[in-house]
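Scroll down for the structure; my scribbles are underneath it.
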Amino acid sequence: MSGGFHHLWKVSPAQAISIQKQIGSRIIERPLRRPIRLVAGVDAAIAPAKDKIVAAVVLLQLQDPWLGEKAPVPGQGFTVLEQQHAWADLDFPYIPGLLSFREAPVVLRALQKLPRRPDLVILDAQGKAHPRRAGLASHVGVLSGLPCVGCAKSRLTGQHRQPGLARGSSTDLLDKDGQVIGRVLRTRRAVKCLYVSVGHLVDLDQASRIVLALACRYRLPEPTRLAHLLAAKLRLKPPA
DNA sequence: GCGACAG
DNA sequence: ATCTTGTCGC
């Protein structure tokens with residue numbers, strides 16, 4: 001499980017930005033090569049003492065493999081196959097734009113504990129919709145070599161029109177030069193939109209449709225929603 | 001200089 | 001991210 005690129009984590013903000021530029025240039029945006037059957041959702045939470053972080057990952061098996069061509073199937077059935085997690089000491093501070101240096105290390109360790117390789121990983125963060133095209137989803141994707149999708153609850157960068165109120169409505173998220181860096185997607189009627197972007201090894205169209213298909217019951221796609229619930233429970237019982 | 005700013 | 005109950009609107 002390696003994307004072939006490595007770097008130090010104990011770095012200064014300036015060094016982190018330099019590394020992100022390399023991550024951003026290594027993103028591969030393309031259609032998935034295999035049908036999606038195993039989807040992993042990842043999320044992190046901080047312990048009450050604020051000194052440790054836990055990354056939770058939930059692996060779901062879709063009843064019907066997603067081929068990427070068809071339209072989203074409302075009510076997509078699934079089964080929870082695995083639940084894993086990893087703890088880490090919190091060293092890097094939260095700095096807008098540098099989130100991956102705070103969460104990627106522990107997220108990668110949690111993903112490595114999965115007994116099976118997921119066909120796709122969905123993260124609660126931006127992917128390409130980042131100042132240097134290196135959001136957490138892209139960083140994790142490039143370092144792990146796994147197809148990743150960024151699915152953030154709010155905007156980090158970029159401009160966009162407001163999508164319609166209907167479920168499935170969406171608009172392009174554009175950078176200052178007018179380039180499409182993501183999709184603003186309404187997953188449920190009249191709820192706050194999600195910011196979907198390519199992490200690595202997928203294209204924006206598939207990423208958006210997959211997120212919409214998996215968010216048939218709640219605003220967040222099931223994988224990420226379940227990972228969030230698991231992380232919220234784990235944070236209360238940090239290791240010594 | 002001022003405002004914006006994933007989790 | 002985290003602190004937190006009930007409540008208004010689709």
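Here is how names work: the chains are called A, B, and so on, in the same order as the sequence lines, proteins then strands, and each is numbered from 1. Just so we're clear, the structure is a prediction, and the values are computed from it rather than from any experiment.
For A:K50, counting side-chain heavy atoms from C-beta on, the closest listed nucleotide (C:dT2, B:dC5, C:dC10) is C:dT2. Checking C:dC3, C:dA1, B:dA6 against the side-chain heavy atoms of A:R235 singles out C:dC3 as nearest. Residue A:R155 places its side chain closer to B:dA4 than to any other of C:dT2, B:dG7, B:dA4. Across B:dG7, B:dA6, C:dT2, the shortest atom-to-atom separation from the side chain of A:K153 is found for B:dG7.
Here A:L99 lies in heavy-atom contact (under 4.0 Å) with a base. If you check every strand for non-hydrogen atoms under 4.0 Å, A:L136 touches a base. Residue contacts shown for A:E103 are limited to sugar-phosphate atoms, with no base heavy atom under 4.0 Å away. Within the 4.0 angstrom heavy-atom criterion, no nucleotide atom of any strand lies near A:H139. Across all strands, A:A125 comes closer than 4.0 Å to base atoms (heavy-atom distances). The residue A:L98 sits close to a base: some heavy atom pair falls under 4.0 Å. Residue contacts shown for A:G97 include a base, since a base heavy atom lies under 4.0 Å away.
Summarising the geometry, the separation between CG on A:D91 and P on C:dA1 is reported as 19 Å, rounded to the nearest angstrom. Atom CD1 in A:I46 sits about 10 Å away from atom P in C:dC3, given to the nearest Å. The distance from atom CG of A:D43 to atom P of C:dA1 is 6 Å, rounded to the nearest whole Å. Note: CG (A:L123) to C1' (C:dA1) measures 16 Å, nearest angstrom. For the pair A:H228 NE2 and C:dT2 C1', the interatomic distance rounds to 10 Å; values are reported in whole Å. Rounding to whole angstrom units, CZ of residue A:F101 and P of C:dA1 are separated by 21 Å. Protein atom CZ of A:F92 is 13 Å distant from nucleotide atom C1' of B:dG7, rounded to whole Å. Note: CD (A:Q126) to C1' (B:dA4) measures 13 Å, nearest angstrom.
In this structure, A:Q126 contributes its side chain and A:S197 its backbone to no donor-acceptor pair below 3.5 Å. Side chain of A:S169 to main chain of A:R186: no donor-acceptor pair is present (N/O by atom type, distance under 3.5 Å, no hydrogens or angles).
Between A:A44 and A:R189, the residue whose closest nucleotide on DNA chain C is further toward the 5' end is A:A44. Nearer the 5' end of DNA chain C, as judged by each residue's closest nucleotide, is the contact made by A:A231, out of A:A231 and A:A190.
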Exercise. Can you list the steps and then say if A:R37 with A:R116 is a side chain to side chain contact (heavy atoms under 4.5 Å, CB included)?
Worked result: CA-CA 11 Å; A:R37 181 178 285 287; A:R116 303 182 62 184; 5.6 Å; no
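Between A:P118 and A:A40, the shortest heavy-atom distance links the atoms CB-CB, 3.9 Å.
For B:dA6, the OP1/OP2 oxygens have a side-chain nitrogen or oxygen of A:Y94 closer than 4.0 Å. Residue A:S154 places at least one side-chain N or O closer than 4.0 Å to OP1 or OP2 of B:dG7.
The NE2 atom of A:H6 sits 12.0 Å away from atom CG of A:L8, with the distance rounded to the nearest 0.5 Å.
Between A:H139 and A:F101, the angle of the ring planes goes over 60°, which puts this pair in the perpendicular group of the 30/60° scheme.
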